[in-house]
Q: 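Take this structure first; my questions come after.
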Amino acid sequence: MQNNTFSLIINGEKVLIQDLSPTLTLLEYLRRSGRVGTKEGCGDGDCGACTVAVVGQGSNGQPQYLAMNSCLIPLATMAGREIITVEGVGKEGLHPVQAAMVSLGGSQCGYCTPGFIMSLFTAYYKGEVNDESLEGNLCRCTGYLPIRRAAELVNHTHCCDQFSERLTQIDLTVNSLHYITPDQQFFRPLQLSEVLDFLQQYPDAKLIAGATDLGLEISHHYQEFPTLISVESVAELQQLKQTSDNVEIGAAIPLSYLEENLKGIFPSLDEMLSKFAARQIRNRATIGGNLATASPIGDLAPILLSLDAKLRLASLTGERIICIADFFKGYRQTELQPQEVIVSIIIPKTITANAIRRLSQSYKIGKRGTDDISIVSAAFTIDLDTNNTIIHARLAYGGVAAIPIRAINIETILIGKDWNHATIQNAKILLKDTFNPLTDLRGSADYRKRLVANLFEKFFIEFSPMGKGNREQ
């Protein structure tokens, strides 16, 4: 049923949205409506000044406060959801996280403070207030030490209050939506069949999930999309299945959910997720969206290439499964056909026959350790037999070509070789000239070539007796 209105709850009050663009960002709406405690900083999810708490599904399946960047959230995606801003946190006096910041001098100019408060707030009700809960929030004048001390002060001090009580009352059930304005329409279907029908009716429609990439087009480039189809509530895209042979990940599952529910299964995925943007982004971003954008520096593609993942795709003509190695066709081009959708990603858990040991890890090199775009990323998987001979090799890279890519020629050369220093040194010589990367503001072509070779050596050293020795899958 078409409607020009929808509602959401902000700080405990039901708010009716009428005739506003579905791509108006949540941040813009909050500030227009007088909730100016939420600040606008970078506009691309890096600084955290716009952080709000949105009630969503936690890793245990129960309602949880999740920190999100409101600058990247199209307003219509929040229909029916509950949002807490910094005004709501202090509605009835200082919240413990606010009191801690005040008592320990955690604010000077105060511009970034609301974002820090909201990140601390969400962590407080999760029961884990630590440095990780502060990621994605930048402070330009106070310095991080007093803010970290404030986090330490409230860690493990969670008590029952109105906010924790509210989590026990919330129903996470999402309703379908067809929101329409004179120039735009927004669909939120609940079943895959509906998505496919809508794509047939509106072939130029844009699919949207977490919107952490599309949000940049909206906030920075002021793009207007006549028809948006949200897939974040589609049942078939929200399933996480595990068997003894593989893991199948629904394309619309947020990365933070995977971070906790798949921990320890794929070490290379664990490593990259810990460096993937920041908590606010991982609470929205999806694995399907990261692949569909086909960015040559997308963080997850090298890991999935190294693990021989497959993609389940669906259209009105049926389903098909393809290898991820066949998915990327060119710069920002994929194997996806018109009106076709990524349903899930299938990652094998089994190792090569006759292998007794699998070594697997990923690396991301950027100007910052986390919350940054890769200069080069890499993921490696090596299977060894009883003689320490390489019987399976996958060397995958991002940032060195127009697409995420494997060093197939080097993989072939490695098969049958001993896993030792001499083999690695020979491979390094070849790896340095395997790709022809570009020079840009992040790094020169020569630097990238050196990284391609050196990261593989780093991988070997970490698995050697003198290395970390704890990276096996």
Q: Check whether any side-chain N or O of Thr77 sits under 3.5 Å from a backbone N or O of Pro74 as a donor-acceptor pair, and report yes or no.
A: yes
Q: Where the side chain of Arg312 meets the backbone of Ser344, is there a donor-acceptor pair that is under 3.5 Å apart?
A: no
Q: Output yes when Arg148 and Glu152 qualify as a salt bridge under the 4.0 Å nitrogen-oxygen rule, no when they do not.
A: no
Q: Given 3.5 Å as the limit, does a donor-acceptor pair link the side chain of Asp161 with the main chain of Ser164, or not?
A: yes
Q: Ignoring hydrogens and geometry beyond distance, is a side-chain donor-acceptor pair present between Ser268 and Ser362 at under 3.5 Å?
A: no
Q: Side chains of Asp46 and Arg368, heavy atoms from C-beta outward: is any pair under 4.5 Å?
A: yes
Q: Do the side chain of Asn4 and the main chain of Thr181 share a donor and acceptor less than 3.5 angstrom apart?
A: no
Q: Should Glu232 and Arg188 count as an ion pair when the cut-off is N to O under 4.0 Å?
A: no
Q: Do any N or O atoms from the side chain of Lys263 and from the backbone of Asp270 form a donor-acceptor pair under 3.5 angstrom?
A: no
Q: So, the side chain of Arg284 versus the backbone of Gly210: is there a donor-acceptor pair under 3.5 Å, distance only?
A: yes
Q: So, Thr293 and Asp213: side-chain donor and acceptor under 3.5 Å apart, yes or no?
A: no
Q: How about Leu75 and Phe186: do any of their side-chain heavy atoms sit closer than 4.5 Å?
A: no
Q: Whether the side chain of Glu194 engages the backbone of Gln191 through a donor-acceptor N/O pair (distance < 3.5 Å, no angle test) should be reported.
A: yes
Q: Would you confirm whether Glu340, through its side chain, and Gln337, through its main-chain N or O, come within 3.5 Å as a donor-acceptor pair?
A: yes
Q: Is a side-chain donor-acceptor pair under 3.5 Å present for Glu462 with Gln361?
A: no
Q: Check the angle between the aromatic planes of Phe121 and Tyr65 and answer parallel, tilted or perpendicular using the 30° and 60° thresholds.
A: tilted
Q: I'd like to know whether the aromatic ring centres of His178 and Tyr202 sit less than 6.0 Å apart in this structure.
A: no
Q: For the pair Phe380 and Phe459, name the ring-plane relationship: parallel under 30°, tilted 30 to 60°, perpendicular over 60°.
A: tilted
Q: Under the 3.5 angstrom rule, does the side chain of Ser133 hit a backbone N or O of Asn130 as a donor-acceptor pair?
A: yes
Q: With no hydrogens and no angle check, is any side-chain donor or acceptor of Arg442 less than 3.5 Å from a backbone partner on Lys367?
A: no
